[in-house]
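A short worksheet on the structure shown next.
Everything quoted here is computed from the prediction, not taken from an experiment.
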Amino acid sequence: MLGPALADLIRREPEPVVAATACVAAGLSCPDGSEALVGALSTRRDSADLVERWSAVLGLSRMLRRPDRSQVRDLYSCLFWAVEPVPHWPFLEGDMASLAALTIADLSPDVAGDRIDVLAERAAAADPTTDNVTLLRALLDAAFPEPVPDTAEFDDLTLVQQRTLATLLGSNILQGGAMVAMLLGRYNLPDSEPRLRTWCSG
């Protein structure tokens, strides 16, 4: 059986990149993972090796129906900080950030609140090194599964969506020029900070 073999490998393997590979393989091949497999992956969550730690959360997030807040936070850490290909990590040519994006896209809608809270923390702490476009895309993806209808007003949005836009307007991540306008437009939102602020104020 693949699940027990992977669980044993994940628990015992001393080489971080091998353990990391096994963690992701477990999530992809055993989405209904057993308690033993989930437990094995969980043992790698606190690793000092980020590839191992992020791989564990990538695997766990494909097994658990509702990842907890700390797992969501680690998924976004991987998305934002895994900027270079990981040597010898065999998925997507070492592109951990892309696999994190695909994993986040597959999360249950029930996780939207946690996703937005985690991203709001990042927006509040944004500094010149922050990738504002990626952060904006992540926030909008979490809050708006579909574009806003043409006739919608701010009060027609869900409370989660209203909170997301308030977070954006309270941050500095709408200063990205054409890319920001394009992303806002994708969700049928007013395509600049001044227009968005006017629309939200009614």
Side-chain angles (χ1 to χ4, degrees), residues 20-33 37-38 41-42 44-47 49-86 89-126 129-148 157-161 163-165 167-168 171 173-174 176 179-180 182-184 186-187 189:
T21 299
C23 287
V24 177
L28 293 173
S29 60
C30 306
D32 298 318
L37 192 53
V38 170
L41 283 161
S42 297
R44 300 285 180 164
R45 281 290 316 286
D46 295 325
S47 173
D49 184 279
L50 285 178
V51 172
E52 189 178 341
R53 177 174 177 165
W54 288 338
S55 293
V57 80
L58 287 168
L60 279 169
S61 296
R62 291 184 174 274
M63 294 181 188
L64 302 175
R65 294 188 180 278
R66 196 184 193 288
D68 65 26
R69 178 77 64 89
S70 69
Q71 291 164 349
V72 171
R73 187 174 286 111
D74 272 356
L75 279 175
Y76 279 116
S77 292
C78 182
L79 176 69
F80 288 109
W81 295 111
V83 294
E84 298 290 340
V86 178
W89 194 79
F91 309 98
L92 300 179
E93 299 181 343
D95 186 350
M96 293 193 81
S98 288
L99 189 56
L102 292 170
T103 302
I104 290 166
D106 286 340
L107 291 176
S108 163
D110 294 343
V111 188
D114 282 340
R115 290 171 63 188
I116 290 163
D117 287 345
V118 167
L119 292 165
E121 292 170 2
R122 286 187 173 273
T129 68
T130 301
D131 183 344
N132 285 344
V133 171
T134 300
L135 181 53
L136 175 60
R137 181 185 291 115
L139 267 164
L140 293 174
D141 282 347
F144 296 92
E146 301 290 340
V148 174
L157 303 181
T158 68
L159 291 178
V160 166
Q161 291 170 336
R163 181 159 55 93
T164 299
L165 296 183
T167 295
L168 290 175
S171 72
I173 65 174
L174 293 176
M179 285 298 296
V180 166
M182 182 194 74
L183 286 171
L184 290 171
R186 179 185 296 174
Y187 296 90
L189 291 164

Do [X] and [Y] come within less than 4.5 Å of each other through their side chains, counting heavy atoms only?
| X | Y | result |
| --- | --- | --- |
| Asp95 | Pro85 | no |
| Phe91 | Thr21 | yes |
| Leu60 | Ser42 | yes |
| Leu92 | Leu102 | yes |
| Cys23 | Trp54 | no |
| Phe144 | Leu157 | yes |

request  = Look at the side chain of Ser108 and the backbone N and O of Val111, then say whether any donor-acceptor pair between them is shorter than 3.5 Å.
outcome  = no
request  = Please name all residues satisfying side chain to side chain contact (heavy atoms under 4.5 Å, CB included) with Asp68, sequence neighbours left out, ordered by chain then number.
outcome  = Ser70, Gln71
Provide the closest heavy-atom pair for [X] versus [Y] in the form atom of the first, atom of the second, distance.
| X | Y | answer |
| --- | --- | --- |
| Arg73 | Val118 | CA-CG1, 3.8 Å |
| Met63 | Cys30 | CG-O, 3.5 Å |
| Ala123 | Thr167 | CB-CG2, 4.1 Å |
| Leu41 | Ala56 | O-CB, 3.6 Å |

query = Picking from Asp141, Leu139, Leu140, what satisfies side-chain contact (heavy atoms from CB on, under 4.5 Å) with Arg137?
reply = Asp141
task = Report, as yes or no, whether the 6.0 Å neighbourhood of atom CG on Asp106 holds more than 12 heavy atoms from other residues, nucleotides or ligands.
result = yes
Distance (rounded to the nearest 0.5 Å) between Leu107 CG and Thr103 OG1 = 7.5 Å
request  = Kindly write out the residues that satisfy salt bridge (charged side-chain N to carboxylate O under 4.0 Å, His left out) with Asp117, not counting sequence neighbours, or none if the list is empty.
outcome  = Arg69, Arg163
